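Predicted model, so just to flag it, every value in this text is computed and none were measured.
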Amino acid sequence: MVLLSFFLGIAVTRNTHGVFLSQTQYATKIIEHVGMSNCIPCPTSVDTKSKLSATADTSYDDPTKYRSLAGALQYLTFTRPDISYAMQQVCLHMHAPTNEHMRDLKRIIRYLQGTLTHSLHLYKYSVNRLISYTNADWGGCPNTHYFTSGYCIFLGDNLVSWSSKRQPTLSRSSVEAEYRGVANVVSNSCWIRNLLLELHCPIQKTTLVYCDNVSAIYLSGNPVQHQCTKHIEMDIHLIREKVARGEVRVLHVPSRYQIADVFIKGLPCILFNDFRYSLSIREPLTSTEGVC
């Protein structure tokens, strides 16, 4: 039996604890291609300022270069979920990039330069539960006022799914935005449960969904329609059905431990590093079995 070691630019290294998925070689080529091999590293992929505006600066003189670089970096999010939010922000402006957008794109390069050896770990833990974190930034887009939602799903202690996405609709309240975010992660968690069932690895325990909005948590289990929520479409009330069946529990998590924050906004360096570690984005372990 031949063990997988390299697939579509992703190197697979085995160790006594599991596997390490890395795109270091791919990231290095991108950095060299744009001539930033000697750039000063940046501690985070995006700063804590408000989201990028579409018209805050003059147009970038080479939009084709911008689109090419952004497209190349997108592929890195397969093993680097810590840059998902930053990439989502720069990709929103591929149709008309400005100089500010290009500076933020180069900031991602500088962040990667300082964390080239970091990548995704998957550990040899028993598969017994899905745990999800979800959050939303209501009205965060300065141009459209659409909200950005983000989530991460863990199978045991392994990160298996994540998302950072600006939603295509307006929400009339922060409760609705958070509730829609919960609906998104519940839908994806159900898909993963069904996939594991087809693979003969059924999940018996209830899926846990952590949200830091108390009102959204109450709404997930309360069938009463209130004035501020009765307009919400029925399709996202699948949460209530899953909660009633005992398949899902929506629980509160303090904002300090809301890992999904890394997918919806820029964070201070210390908090960003803590959440990155929680996502199992780390340097490779010294003890390995085999080589890539």
Side-chain angles (χ1 to χ4, degrees), residues 9 23-24 26-37 39-116 118-120 135-152 162-168 181 184 260-269 271-273 275-276 279 281:
Q23 291 175 282
T24 300
Y26 178 75
T28 301
K29 288 182 178 179
I30 294 176
I31 296 173
E32 292 175 349
H33 179 71
V34 295
M36 294 182 63
S37 299
C39 67
I40 299 175
C42 196
T44 60
S45 58
V46 63
D47 61 24
T48 56
K49 67 180 180 181
S50 58
K51 291 178 171 57
L52 295 177
S53 171
T55 58
D57 205 348
T58 56
S59 298
Y60 184 60
D61 58 4
D62 190 356
T64 300
K65 177 181 177 181
Y66 180 94
R67 295 169 190 141
S68 176
L69 181 56
L73 288 173
Q74 270 192 304
Y75 190 61
L76 275 174
T77 59
F78 281 116
T79 61
R80 294 297 301 268
D82 50 329
I83 66 170
S84 294
Y85 169 69
M87 287 306 307
Q88 179 259 347
Q89 283 292 290
V90 298
C91 287
L92 287 175
H93 306 284
M94 292 179 76
H95 62 290
T98 66
N99 291 325
E100 182 188 20
H101 302 149
M102 190 62 188
R103 285 193 293 270
D104 280 56
L105 193 54
K106 287 183 177 180
R107 182 190 176 106
I108 299 174
I109 295 285
R110 292 168 55 206
Y111 169 71
L112 291 171
Q113 174 73 354
T115 58
L116 273 176
H118 286 65
S119 205
L120 183 64
N135 205 358
D137 184 21
W138 177 50
C141 179
N143 301 112
T144 64
H145 301 293
Y146 291 162
F147 72 96
T148 300
S149 67
Y151 67 77
C152 51
W162 56 89
S163 173
S164 176
K165 182 179 180 181
R166 189 182 71 179
Q167 297 302 308
N184 287 338
D261 273 356
V262 78
F263 296 104
I264 66 166
K265 58 187 176 183
L267 298 172
C269 185
L271 194 58
F272 178 84
N273 289 339
F275 288 166
R276 181 180 66 190
L279 294 172
I281 307 300

As an exercise, state the distance from [atom1] of [X] to [atom2] of [Y], rounded to the nearest 0.5 Å.
X    : Y    : atom1 : atom2 : answer
M87  : R80  : CE    : CZ    : 12.5 Å
R110 : K106 : CZ    : NZ    : 10.5 Å
L69  : M102 : CG    : CE    : 5.5 Å
S45  : Y85  : OG    : OH    : 9.5 Å
S84  : Q74  : OG    : CD    : 10.0 Å

Any [X] side-chain heavy atom under 4.5 Å of [Y] side chain:
X    : Y    : answer
L279 : C152 : yes
L112 : L73  : yes
D82  : F272 : yes
H101 : V90  : no
R107 : D47  : yes
Q89  : D104 : no
T58  : T98  : no

Work out which heavy atom in [X] is nearest to a heavy atom in [Y]; give both atom names and the distance.
X    : Y    : answer
H118 : I281 : CD2-O, 3.8 Å
Q88  : S164 : CG-O, 3.3 Å
A72  : I30  : O-CD1, 3.7 Å
T77  : W162 : O-CZ2, 3.1 Å
T48  : P268 : CG2-N, 3.7 Å
S59  : N99  : O-OD1, 4.0 Å

Would you find a donor on one side and an acceptor on the other, under 3.5 Å apart, between the side chain of [X] and the backbone of [Y]?
X    : Y   : value
Q23  : Y75 : yes
Q113 : S37 : yes
Y60  : K65 : no
T28  : T24 : yes

Determine, step by step, whether Y26 and F78 satisfy the ring-ring contact (aromatic ring centres under 6.0 Å, His included) criterion, reporting the C-alpha distance in whole Å, the side-chain angles of both residues, the deciding distance to 0.1 Å, and the verdict. CA-CA 12 Å; Y26 178 75; F78 281 116; 9.9 Å; no

Judged by modelled atom types alone, do R276 and T115 share a side-chain donor-acceptor pair under 3.5 Å? no

Using the side-chain contact (heavy atoms from CB on, under 4.5 Å) rule, pick out the option among N273, D261, V46 that qualifies with L267. D261

